[in-house]
Amino acid sequence: MIDMSEEKPVLYIDMDDTACAFSAAKQHALGECPEQAYPHAAYGFYANLEPIRDAVETIKEIIDQGKFDVWFLTAPSVDNPLSYTEKIVWVLKHFGREMAKKTIICYDKSKLKGAVLIDDKCDSHGQDKFEGILLHFATVQCPDWQAVRTLLEKHYPTVSKV
């Protein structure tokens, strides 16, 4: 059970290309059916995305440590209204009901307050205006989930030893 009584730094985690492999699935779908311009608009696309390497294990470790108030923060696909439901289905499948309750689908991520946002994009959905620390995932500074652990320790040494 998630303890919401303590004040913990809020940690938001993006889904597409941060927790789950959106681009790889899109490229694969385009290879299979090049005439489908928006494969991510297909039924089941988001619900069946593969996790990014080490994402599920690392996120679960961060949650279990209890040092951060962890939430998923993802932008919807306006090309696929089913993305709202399917993103929750993905979280349920990999993280369970408690984290599904802590999933926010919001187009402008700058509207939410928090300490850290882990996201593969830095300016497509207000990430550049996010008031906390932006860990720009899949970059030289933050290439993978091991780097996320290291950067969280660096920015929050007294809070987290993940």
Side-chain angles (χ1 to χ4, degrees), residues 1-2 8-33 36 38-107 109 112 114-122 124-125 127 130 133-153 155-156 160-162:
M1 171 144 287
I2 299 169
K8 301 175 189 176
V10 175
L11 173 75
Y12 293 114
I13 301 170
D14 174 53
M15 290 179 66
D16 301 335
D17 288 331
T18 304
C20 49
F22 171 85
S23 292
K26 183 178 177 182
Q27 287 305 105
H28 177 74
L30 285 171
E32 295 285 313
C33 187
Q36 168 64 310
Y38 300 102
H40 54 287
Y43 177 79
F45 182 86
Y46 285 95
N48 295 309
L49 290 174
E50 291 294 322
I52 294 284
R53 183 174 177 226
D54 297 328
V56 172
E57 298 81 6
T58 304
I59 294 167
K60 285 181 178 180
E61 289 172 11
I62 293 168
I63 293 166
D64 290 345
Q65 294 261 327
K67 307 295 183 182
F68 291 92
D69 183 10
V70 180
W71 294 74
F72 283 107
L73 175 56
T74 185
S77 169
V78 294
D79 297 319
N80 181 357
L82 294 172
S83 71
Y84 292 82
T85 299
E86 291 186 11
K87 286 179 179 235
I88 296 297
V89 169
W90 190 90
V91 173
L92 279 166
K93 184 185 330 182
H94 296 283
F95 295 93
R97 189 171 186 266
E98 291 302 310
M99 282 309 294
K101 290 192 263 182
K102 295 184 73 179
T103 300
I104 300 168
I105 301 173
C106 179
Y107 197 80
K109 296 177 183 182
L112 286 99
V116 180
L117 169 61
I118 303 168
D119 203 312
D120 67 300
K121 304 278 192 250
C122 63
S124 59
H125 295 288
Q127 298 95 325
F130 179 74
I133 296 165
L134 173 63
L135 296 183
H136 193 183
F137 190 77
T139 62
V140 172
Q141 293 78 19
C142 188
D144 54 28
W145 279 96
Q146 181 58 44
V148 168
R149 283 187 182 111
T150 302
L151 289 166
L152 287 177
E153 288 173 12
H155 289 293
Y156 288 92
S160 176
K161 194 76 171 160
V162 293

Tightest non-hydrogen contact, residues P143 and V140, listed as CD-O, 3.5 Å

Exam field: side chain T139 to backbone H136, donor-acceptor pair closer than 3.5 Å: yes

Quick one: does any side-chain atom of K102 pair with a main-chain N or O of V70 as donor and acceptor, under 3.5 Å? yes

For D14, does its backbone N or O pair with a side-chain atom of D119 as donor and acceptor, under 3.5 Å? no

A side-chain contact here means heavy atoms from C-beta on lying under 4.5 Å apart; do V116 and P9 qualify? no

Is L135 close to L152 at the side-chain level, that is, under 4.5 Å between some pair of heavy atoms? yes

In Å, rounded to the nearest 0.5 Å, how long is the span from NZ of K101 to CD of E98? 4.0 Å

What is the ring orientation for F137 with W145, classed by angle as parallel under 30°, tilted 30 to 60°, or perpendicular over 60°? tilted

Partners of L112 by side-chain contact (heavy atoms from CB on, under 4.5 Å), sequence neighbours excluded? Y12, L73, I104, C106

Donor-acceptor pair, side chain of D69 and main chain of K8, under 3.5 angstrom: no

Nearest 0.5 Å please: distance from the CG atom of L30 over to the CD atom of Q27. 5.5 Å

Side-chain donor-acceptor contacts of residues 89-96 below 3.5 Å, not counting sequence neighbours, with atom names and distances?
unit_1, atom_1, unit_2, atom_2, d
W90, NE1, L49, O, 2.8
W90, NE1, H94, NE2, 3.3
K93, NZ, A47, O, 2.9

About how many Å separate CD1 of I59 and CD1 of I118, when rounded to the nearest 0.5 Å? 7.0 Å

Quick one: list whatever passes ring-ring contact (aromatic ring centres under 6.0 Å, His included) with Y107, sequence neighbours left out. H125

In short, W71 meets V10 closest at the heavy-atom pair CD1-CG1, 4.0 Å

Measure the NZ-CD1 distance between K87 and I105 for me, rounded to the nearest 0.5 Å. 7.0 Å

Close side-chain approach of R149 to T58, heavy-atom, < 4.5 Å: yes

How far apart are the closest heavy atoms of A147 and C142, and which atoms are they? CB-CA, 4.0 Å

Can you check side-chain contact (heavy atoms from CB on, under 4.5 Å) on D144 and R53, steps first, answer last? CA-CA 8 Å; D144 54 28; R53 183 174 177 226; over 6 Å; no

Are L82 and Y46 close enough, and set up right, to give a side-chain contact (heavy atoms from CB on, under 4.5 Å), and what steps lead you there? CA-CA 8 Å; L82 294 172; Y46 285 95; over 6 Å; no

If only atom types and distance count, is the side chain of E86 paired as donor or acceptor with the main-chain N or O of F45 below 3.5 Å? yes

H40 side, atom NE2; D16 side, atom CG - distance, nearest 0.5 Å: 9.5 Å

Could you report the tightest heavy-atom contact between A75 and K109, atom names first, then the distance? N-CE, 3.9 Å

State, yes or no, whether a side-chain contact exists between D54 and Q146 at a heavy-atom distance under 4.5 Å. no

To the nearest 0.5 Å, what is the distance between CZ (F72) and CD1 (I88)? 10.0 Å

